[in-house]
**Q** 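The structure's right below; bear with me while I get my questions together.
Numbers here simply count residues along the sequence, with the first being 1.
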Amino acid sequence: MRRPGTAVIAIALTSLGLAAPTTSAAAATQEYRCQQEWPGRDGNVRAWTDYGCDGNLLGATPGDDRFWGDTSGAFQTIAYKEASSVMNSGFIGGKDVVAFYYDKDYQYQNGYVCLAPGEMWADNLTDNYFYNRPGQVVNDRIGSHRWVTASECAAGSWLT
């Protein structure tokens, strides 16, 4: 009776062992791709359609963009609620944090997240949630962004 139970446990442990490297490999690939895309401190915020700073570049700008779904600014119609990875290559000092908002016009009460310059990028937005909007994942949900100081971001609002 013990042999079938032991076999089941061995198969389960083996399958778990095989899953871990795949997950780690995917994360390493995303991290590597963002490293390749890193331009140095050029003063811009960037976003991509896919994880790991891959896919279509949705936009790059040193400025704010009040609505990613309109036809003005660096992030236009296709960018609206399509970002899966973001980058902060802004200059250090002053307003060097990028705040990303769920809605247009920087409506922080409806959900926002912040990306510090030291973090450089968030390569997979599926594991981040908007502050002020419990349970709402950031992936494919950004409606606007602006540059802010670190003091404008709440403790639980930081992207990783």
Side-chain angles (χ1 to χ4, degrees), residues 21-160:
T22 304
T23 304
S24 297
T29 300
Q30 290 173 2
E31 182 77 14
Y32 178 72
R33 178 77 174 126
C34 286
Q35 287 174 354
Q36 285 182 315
E37 290 296 321
W38 179 250
R41 293 278 164 212
D42 66 356
N44 288 306
V45 57
R46 292 174 173 73
W48 289 266
T49 55
D50 296 336
Y51 312 120
C53 307
D54 205 1
N56 293 325
L57 178 65
L58 295 170
T61 183
D64 301 339
D65 196 325
R66 62 167 286 282
F67 185 38
W68 285 21
D70 63 12
T71 57
S72 64
F75 294 84
Q76 297 185 8
T77 53
I78 192 171
Y80 185 56
K81 302 204 176 183
E82 290 291 324
S84 292
S85 52
V86 292
M87 181 177 285
N88 176 352
S89 57
F91 300 117
I92 304 292
K95 292 185 176 188
D96 59 2
V97 173
V98 183
F100 296 97
Y101 300 86
Y102 180 84
D103 288 322
K104 66 179 183 175
D105 296 324
Y106 325 121
Q107 296 179 35
Y108 72 91
Q109 69 275 12
N110 291 336
Y112 75 98
V113 290
C114 295
L115 183 60
E119 189 69 28
M120 297 191 290
W121 59 75
D123 58 8
N124 185 346
L125 296 178
T126 62
D127 60 0
N128 290 273
Y129 297 88
F130 283 102
Y131 183 77
N132 287 11
R133 198 171 181 97
Q136 183 62 64
V137 70
V138 177
N139 189 59
D140 293 340
R141 300 287 193 283
I142 297 173
S144 60
H145 83 271
R146 70 182 174 116
W147 293 91
V148 299
T149 62
S151 65
E152 294 176 73
C153 298
S157 68
W158 296 97
L159 284 173
T160 57

**Q** Say you draw a straight line from OH of Y101 to CZ of R133; how long is it, rounded to the nearest 0.5 Å?
**A** 14.5 Å
**Q** Let me confirm one number: the CG-CG distance from L125 to L115, rounded to the nearest 0.5 Å.
**A** 9.0 Å
**Q** Return the CZ to CG distance between R141 and D103, rounded to the nearest 0.5 Å.
**A** 12.0 Å
**Q** From Q35 CD over to C53 SG, what is the distance, rounded to the nearest 0.5 angstrom?
**A** 10.0 Å
**Q** Kindly state whether the ring of Y80 and the ring of F67 have centres lying under 6.0 angstrom apart.
**A** yes
**Q** What I'd like to find out is whether the side chain of T61 reaches to under 4.5 Å of the side chain of H145, using heavy atoms alone.
**A** yes
**Q** Is L57 atom CG crowded by more than 12 heavy atoms from other residues, nucleotides or ligands, each under 6.0 Å away?
**A** yes
**Q** Sub-3.5 Å donor-acceptor pair from the side chain of D54 to the main-chain atoms of Y51, do we have one?
**A** no
**Q** Please report the closest heavy-atom contact between S157 and Y131, naming both atoms and the distance.
**A** CB-CB, 3.7 Å
**Q** Indicate the atoms forming the closest heavy-atom contact of D65 with F75, along with that distance.
**A** OD2-N, 2.9 Å
**Q** Is any side-chain heavy atom of E119 closer than 4.5 Å to a side-chain heavy atom of W158?
**A** no
**Q** Could you tell me whether the side chain of N110 and the main chain of Y102 form a donor-acceptor pair under 3.5 Å?
**A** no
**Q** Do F100 and L159 touch side chain to side chain, with heavy atoms closer than 4.5 Å?
**A** yes
**Q** If you take all heavy atoms of A47 and V86, which pair is closest and at what distance?
**A** CB-CG1, 3.9 Å
**Q** Under 3.5 Å, side chain of W68 to main-chain N/O of K81, donor-acceptor pair present?
**A** no
**Q** Rounded to the nearest 0.5 Å, what's the gap from CH2 on W121 to CD on E37? Could you check?
**A** 10.0 Å
**Q** Going by heavy atoms in the side chains, are M87 and P39 under 4.5 Å from each other?
**A** yes
**Q** So do D96 and N88 actually touch side chain to side chain, heavy atoms under 4.5 Å?
**A** no
**Q** Within a strict 4.5 Å, meaning less than it, do heavy atoms of the I92 and R41 side chains meet?
**A** yes
**Q** So which atom in V137 and which in F130 form the shortest heavy-atom distance, rounded to 0.1 Å?
**A** O-CE1, 3.6 Å
**Q** Under 3.5 Å, side chain of N139 to main-chain N/O of D127, donor-acceptor pair present?
**A** no
**Q** Does Y108 reach the side chain of E152, with side-chain heavy atoms less than 4.5 Å apart?
**A** no
**Q** Can you confirm whether T149 sits close enough to V97 that some side-chain heavy atom of one is under 4.5 Å from a side-chain heavy atom of the other?
**A** no
**Q** Taking atom types as modelled and ignoring hydrogens, do the side chains of S85 and D123 form a donor-acceptor contact shorter than 3.5 angstrom?
**A** no
**Q** Which residue in the set L58, D140, I78 passes side chain to side chain contact (heavy atoms under 4.5 Å, CB included) when paired with T49?
**A** L58
**Q** Any chance the side chains of S89 and N44 put a donor and an acceptor closer than 3.5 Å?
**A** no
